[in-house]
Amino acid sequence: MLLADRTVVISGVGAGLGREVAAACVREGASVVLGSRTEARLAACAETVDPSGARSTYRTVDIRDERQCEALAAAAVERFGRIDAVVHVAALDTVMGGLEGADLAEWQSVLDVNLLGTLRMTRACLPALKEAGARGDGSVVMIGTQSSVAAPAQVQQAAYAASKGALVSAMYSLARELGPHGIRVNTVQPGWMWGPMVEGYVAWQASSEDVEPEVVRERLDAGMALPRMAEDADVAETAAFFASPRARGITGQCLLVNAGELMR
């Protein structure tokens, strides 16, 4: 199993990618520590991925708050005695549009969550991650986006793309800084990813065009080298790989999980 006897902290656990990451990590033998702002979502995820409760715990956390980040890290160490990996799923992606006419205060909020929040959570886990590195391997996995390197034609999320692009730049510096401690830092960059968010977009677009959702879905799938877009679970499996010792020779890397929509 990729993650046997390891503990993985996951931020941003909800009904989509966060839950799939938790499920993948538990399947691969990890204990998971779940964080998000909504306790009901956390409880539902924990019940789904670990009905016995033996290999999971959770705590509400707003990654804009440093003390709450520290409390989540402390809960992981208290329950399982270690943190071997952190997977950063938490993100603010609801600010739409481009620069012209934008409220830059909203952009600042996006940066505070997607860039600074991720760094806060990483820093809170560093003492335990350094211990993991001393044992042989620690890992930080960031969830980026393909839109930070190629803006999609269908939707405009300039603030989100910019924040995730900044996170990639931070990743390179962190990989160099933390490498001597045995901590790897990598980014998974999804493109279109079938799950609750994209399902909602497809339903909205179909309604606006007065067509069936399958028409919109098929149009998106047609842009992929594979016959279908990637799913939340595909991205989650990649995150679990990066978190595992199978990837112990990989750091400072971005991996597109996009069904071949963009190849570079």
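Here, residue 1 is the first one in the sequence, and each next residue gets the next number.
Between the side chain of N186 and the backbone N or O of V141, no donor-acceptor pair lies under 3.5 Å. A donor-acceptor distance shorter than 3.5 angstrom exists from the side chain of R120 to the backbone of I63, with no hydrogens or angles considered. Listed for the R6 side chain is no donor-acceptor partner under 3.5 Å among the backbone atoms of C25. Not one N or O on the side chain of R55 forms a donor-acceptor pair closer than 3.5 Å with the backbone of T7. With hydrogens and angles ignored, the 3.5 Å screen pairs no side-chain donor or acceptor of K164 with any backbone N or O of Q146. Remark: side-chain polar atoms of S139 are paired, donor with acceptor, to backbone N or O of F242 under 3.5 angstrom. Q157 places a side-chain N or O within 3.5 Å of a backbone atom of D93 that can act as its donor or acceptor partner. Using a distance-only test at 3.5 Å, with no hydrogens or angles considered, a donor-acceptor pair links the side chain of R19 to the main chain of A15. Side-chain N or O atoms of S148 include none that pairs as donor or acceptor with a backbone N or O of G144 at under 3.5 Å. Formation of a donor-acceptor pair under 3.5 Å by the E28 side chain with backbone atoms of L2 is found in this model.
Remark: D5 CG is loosely packed, at most 12 non-hydrogen atoms of other residues, nucleotides or ligands lying under 6.0 Å away. Within a 6.0 Å sphere centred on CZ of R59, heavy atoms belonging to other residues, nucleotides or ligands number 12 at most. Remark: E212 CD is loosely packed, at most 12 non-hydrogen atoms of other residues, nucleotides or ligands lying under 6.0 Å away. Counting heavy-atom neighbours within 6.0 Å of M197 CE, excluding the residue itself, gives a total of 12 or less.
V21 and Y58 fall within a single hydrophobic cluster, where Ile, Leu, Val, Met, Phe, Trp and Tyr are joined by side-chain heavy atoms under 4.5 Å apart, directly or via other members. Tracing side-chain contacts under 4.5 Å through hydrophobic residues (I, L, V, M, F, W, Y), one never reaches V87 starting from L115; they form parts of separate clusters. In terms of hydrophobic clustering, with Ile, Leu, Val, Met, Phe, Trp and Tyr side chains grouped at heavy-atom distances under 4.5 Å, L178 and M121 are assigned to a common cluster. Under a hydrophobic-cluster definition in which Ile, Leu, Val, Met, Phe, Trp and Tyr are linked whenever side-chain heavy atoms come within less than 4.5 Å, directly or via other members, V8 and L34 are assigned to the same cluster. I10 is not connected to L72 by any chain of hydrophobic side-chain contacts under 4.5 Å among Ile, Leu, Val, Met, Phe, Trp and Tyr, and they are in different clusters.
Taking the salt bridge (Lys or Arg N to Asp or Glu O under 4.0 Å) definition, one finds that E209 meets it with R219, sequence neighbours left out.
Of the inter-residue distances, the one linking F80 atom CZ with S56 atom OG reads 6.5 Å to the nearest 0.5 angstrom. With values rounded to the nearest 0.5 angstrom, D112 atom CG is found 11.0 Å from S163 atom OG.
T38 and S36 share no donor-acceptor pair across their side chains, judged by distance under 3.5 Å alone.
In this structure, L99 belongs to a hydrophobic cluster whose other members, linked by side-chain heavy atoms under 4.5 Å apart, are L104, W107.
Between K130 and I83, every side-chain heavy-atom pair lies at or beyond the 4.5 Å cut-off.
Under the side chain to side chain contact (heavy atoms under 4.5 Å, CB included) test applied with W194, the options D232, L220, V202 reduce to a single match, V202. Results of the salt bridge (charged side-chain N to carboxylate O under 4.0 Å, His left out) test with R123 over E70, E177, E66 single out E66 as the only residue that passes.
Ionic pairing of R64 and D62 is present here: one or more N-O contacts between side-chain nitrogen and carboxylate oxygen are shorter than 4.0 angstrom. Between R135 and D137, no side-chain nitrogen of the basic residue sits less than 4.0 Å from a carboxylate oxygen of the acidic one, so the salt-bridge criterion is not met.
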For this session: Show the numbers, then the answer: is there a side-chain hydrogen bond (donor to acceptor under 3.5 Å, both in side chains) between S52 and D50?
Result: CA-CA 6 Å; S52 73; D50 178 38; 3.2 Å; yes
